[in-house]
Protein chains: 2
Amino acid sequence: MLGLIQDRPLLIQQLIEHAALNHSDTEIVSRTLEGGIHRYTYGDAHLRAKKVAEALLALGIKAGDRIGTLAWNGYRHFELYYGISGMGAVCHTINPRLFPEQIVYIVNHAEDQLLFVDLNLLPVVEKLLPQFKTVRHVVAMTDRAHLPKDLGIPNLLVYEELLADQPGRYDWPVFDERTASSLCYTSGTTGNPKGVLYSHRSTILHAYAAALPDTLNLSARSVVLPVVPMFHVNAWGLPYSAALAGAKLVFPGVALDGASLHELFEQEGVTFTAGVPTVWLALLQHMQANKLKLSTLKYAVIGGSAAPPAMIETFDRDYGVEVLHAWGMTEMSPLGSVNHPKAKHLKLSREELLDVRLKQGRPAFGVEMKIVGDGGKELPRDGKAFGDLMVRGPWVTRGYFKGEGGEIVDQDGWFATGDVATLDPDGYMQITDRSKDVIKSGGEWISSIDLENAAMAHPAVAEAAVIGIHHPKWDERPLLIVHRKPGAKLDKDEMIAFLGIKVAKWWLPDDVQFVEAIPHTATGKILKTRLREDFRDYKLPTG
Amino acid sequence: MLGLIQDRPLLIQQLIEHAALNHSDTEIVSRTLEGGIHRYTYGDAHLRAKKVAEALLALGIKAGDRIGTLAWNGYRHFELYYGISGMGAVCHTINPRLFPEQIVYIVNHAEDQLLFVDLNLLPVVEKLLPQFKTVRHVVAMTDRAHLPKDLGIPNLLVYEELLADQPGRYDWPVFDERTASSLCYTSGTTGNPKGVLYSHRSTILHAYAAALPDTLNLSARSVVLPVVPMFHVNAWGLPYSAALAGAKLVFPGVALDGASLHELFEQEGVTFTAGVPTVWLALLQHMQANKLKLSTLKYAVIGGSAAPPAMIETFDRDYGVEVLHAWGMTEMSPLGSVNHPKAKHLKLSREELLDVRLKQGRPAFGVEMKIVGDGGKELPRDGKAFGDLMVRGPWVTRGYFKGEGGEIVDQDGWFATGDVATLDPDGYMQITDRSKDVIKSGGEWISSIDLENAAMAHPAVAEAAVIGIHHPKWDERPLLIVHRKPGAKLDKDEMIAFLGIKVAKWWLPDDVQFVEAIPHTATGKILKTRLREDFRDYKLPTG
């Protein structure tokens, strides 16, 4: 027997409609590429999102068509989010920082019909355009006055002219809530990028969960500045959850340096921001160097990689900002988990609470998590056992666009995140490693990250990396690779002795190798694939 | 084209599973009918909810069967919420305060198979049992030791014995999220009660929306005491949204007097409570008389009827408690709207803010509201125009159980609430009247409540009521009926003159009639149907 409740589908266009009706004068502020600050309201944005939809229809765009965007965080990008998805097409956000050949691959794989491009990215598109197979028009996200004169882009359209021609009287259509709404490619370390195709339903459910008090805690008193880009998993969903909550939005454009961000935080009364650790490092350095404070900021979400303990402490102690340590993935829309204390933690000292805050947080209702060991056996939630982190839920992907990568969920619907983690009895998850980096020794797992952190605590160590080396008896054993600080002295025995008081005996590396430098990825992570190559012919000493 | 996201249905059993996994030691505290306080955890509750499901299966209950409960707010009722709905049956909560013939009607109309009954309500059921046509077993919600000896209820079962027989290893089934989950009858003023049949989907979406910062603001730091009964629209959804947030729950049982509530608030560190104005009146009186304070309470939700301004002020000024003025209906699961300030209100003085707080709040995302005048024409959202309040959304009913009352939504899916309201440009809604009480004069509407409030501001008025009287030219004109304070002097001219400085001239009542008493409903509201009868033959003076 079914309930007798209205069959209202969950649709993205309802978010902007809700914001326009109930928060019509709430501001959306953008630092623009043309220069200066642009400000308007949810009411204005709604009208212009309708004009976007009308312009797309006029250009012959149909439901299901993919529309690419190459753009930073700004109000026109925001309008495209709603205008494209709201008329039934798919908003495909493209990371302009990808290698040119990746951009070409992605645009062609998605079969983008139109490309909306920010002013300073037009030269990139000009160069790649001959390789785009399906793009009918490029739309410059500016007005005629700011358009560079000598662009060699045929059929170029100008965003403000497109909108000026439209009446803005569009009635948003109502359709199946499972309809595809947006597309974002993950740039994995191997193989071609793979597309995650979100639905209206998944986006709305994620927006509800994201705005909850123990997730991002968004209300009509919040002022939200997403540093995380709108091409990076929809800026962690903030353009949706801010509209759901009626929060003021502040878009920083391309100026993500410490000085520009600090200025915007203070001028606009920002209470909430979100980004990766490197951005916050720059902000903290700028504030420390210039003796600045933050007068309105309450929450800084740190995701993308683990939040360093010192960063959590500094934000809290020196600036009165609560760090929300978070974890997610493109495949998860992206939230995951966010770290908020429970009632029982409120009695803890700041130091004791830091131990809780180092974890990546608790799953919002909707996300199911479990950890499994070899053979897929579920491991205990004791905060100690660590295993492959599996997730499931109504905003978790079930397969990549066009079936790339094949089956990616198991028969019970679990998706393997590629992370190794612990879960504790209070529901807090902590990432301990990447699945491909964990060392499997005699059926037990050793966390490479834990070993690296232990080694890096030694004053002579500049950087440390741990990889697994084949071992005839134990299958794999850890090799510690150390880059010493300039002039510092450290040998294998001292290093092992130092680790001996920090980790279990069977975790101790079988050997230590000293190197001149440790290779990194473009985003600063240790490039373990390269290290494994470098040490391919290395043999562990037999003891 | 559909998105590629997991098809996980939204199911109520996921809430208790989530709470048990992530908040296994968070407490659920109950004042029991047997005497004393019972405490256990979400982990314990989950195990026992599984045993409830197993017990139902053992009794031959199938998916879709209706299971009645006649019970107060306590942990066993909480287990039934999850055990019954989680196995696919329908949890039918029955208001024990209804007239016996209404209870009989409801149980038979719902075709309840089992009745779970609290200890002090067994005598009621004993008396009515011969009239119940479908009930196979009555289950006493207690243990054998506390069971009265001389009950004349054949086939009586004992709750704790039922559960003791079960292993608690039940795997919650996965089914269509639109499946009926629970049933609650509205006791309208006319006709038989009508059943609202909620679904798993509507309950989960409502739980997300209810926990949001601008709705009930629930987190794992909240301690929630629902005074609103679990038979009254699922205690406004709190047993669901508290589990979603991992909040501690405190169930007050039958002791809803000021002293008992205050004691529980303080002993359990309650931060959040919800109920109707009369409960809070008693609490405030008790605290004032005994010079008590509230050391942990932050939020008190007031719904059911309008929150008196003095109550909002007293809670805020004397006790540091923020009143969340709310509005909803059984037909809406029940939320509606909740009053929270916006960023721009934070600069207001306490007095200015009170004007905002008097409104019934803003709709949570998911609830659409509009107001319409005669002929269904939508009226402006200017905070002045008032019209019939219409609502729509994924937790609003589309028809009553078994089709009672016929079509209740229009062709666009709007449900007429029966309230008359204003909507302002900031999205705040304010109830100005009941649709059947508003006075339609010359095509314009006059709010009977506004006139009554204006009249009651006169020091000689004990109570005032306004009804519409037929008028040959204007269709209807207001008649003011006044009950003077003992010994007070007041005549028609003085009354009208007093009103003349408060309301528009064309709103002024055509006449004032003085009476010895104004009739009330059982819940203390003015009984206008009776007044209209009393004045059926009354003719307005011709001016």
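Values below: all heavy atoms of this structure, side chains included; hydrogens, waters and symmetry mates excluded.
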Partner of B/R221 under side chain to side chain contact (heavy atoms under 4.5 Å, CB included), picked from A/H340, A/K342, A/H345, is A/H340
Exercise. Spell out, as yes or no, whether a donor-acceptor pair under 3.5 Å connects the side chain of B/Q6 to the backbone of A/R398.
Key: no
Can you tell me if B/Y208 uses its side chain to pair, donor with acceptor, with the backbone of A/F365 under 3.5 Å? yes
At a 4.5 Å cut-off on heavy atoms, which part of [X] comes close to chain A: side chain, backbone, both, or neither?
X      : value
B/H18  : side chain
B/V90  : side chain
B/L423 : neither
B/P341 : both
B/I204 : side chain
B/L346 : side chain
B/R392 : both
B/E331 : neither
B/A364 : backbone
B/R178 : both
B/F401 : both
B/V409 : side chain
B/S219 : both
B/A245 : backbone

Under 4.5 Å to a heavy atom of chain B? For A/N217 that would be both
Let's test your reading of the structure: which of [options] forms the most heavy-atom pairs below 4.5 Å with chain B?
options                       : result
A/Q14, A/R201, A/H200, A/E177 : A/R201
A/D7, A/V196, A/L10, A/D176   : A/L10
A/I5, A/V174, A/L2, A/T271    : A/I5

Dump the intermediate steps for side chain to side chain contact (heavy atoms under 4.5 Å, CB included) on A/D214 and B/L218, then the final yes or no. CA-CA 8 Å; A/D214 270 356; B/L218 300 176; over 6 Å; no
Chain A contacts, top residue of [options] (heavy-atom pairs, under 4.5 Å):
options                       : result
B/G64, B/S182, B/S202         : B/S202
B/G269, B/G43, B/A247, B/P394 : B/P394
B/M369, B/K248, B/R362        : B/R362
B/S181, B/A220, B/S199        : B/A220
B/A63, B/G366, B/P363         : B/P363

For B/L4 and A/Y400, the nearest pair of non-hydrogen atoms, with its separation, is CD1-O, 3.6 Å
Closest heavy-atom pair, B/P425 versus A/S24, reported as atoms and distance to 0.1 Å, is O-OG, 3.7 Å
Got a second to check how far [X]'s [atom1] is from [Y]'s [atom2], nearest 0.5 Å?
X      : Y      : atom1 : atom2 : value
A/T26  : B/D426 : OG1   : CG    : 7.5 Å
A/L197 : B/M1   : CG    : CE    : 5.0 Å
A/R8   : B/L205 : CZ    : CG    : 13.0 Å

- Is the closest side-chain heavy-atom distance between B/R381 and A/L21 below 4.5 Å? yes
Go through it in stages, so that I can follow the logic: the residues are A/D25 and B/K344, the test is side chain to side chain contact (heavy atoms under 4.5 Å, CB included), and I'd like the CA-CA distance, side-chain angles, deciding distance and then a yes or no.
CA-CA 10 Å; A/D25 66 357; B/K344 66 178 175 186; 2.7 Å; yes
inquiry  = For B/K370, is there an ion pair with A/E17 - N to carboxylate O distance below 4.0 angstrom?
reply    = no
**Message:** I'd like to know whether NZ of B/K62 has more than 12 heavy-atom contacts from other residues, nucleotides or ligands below 6.0 angstrom.
**Reply:** no
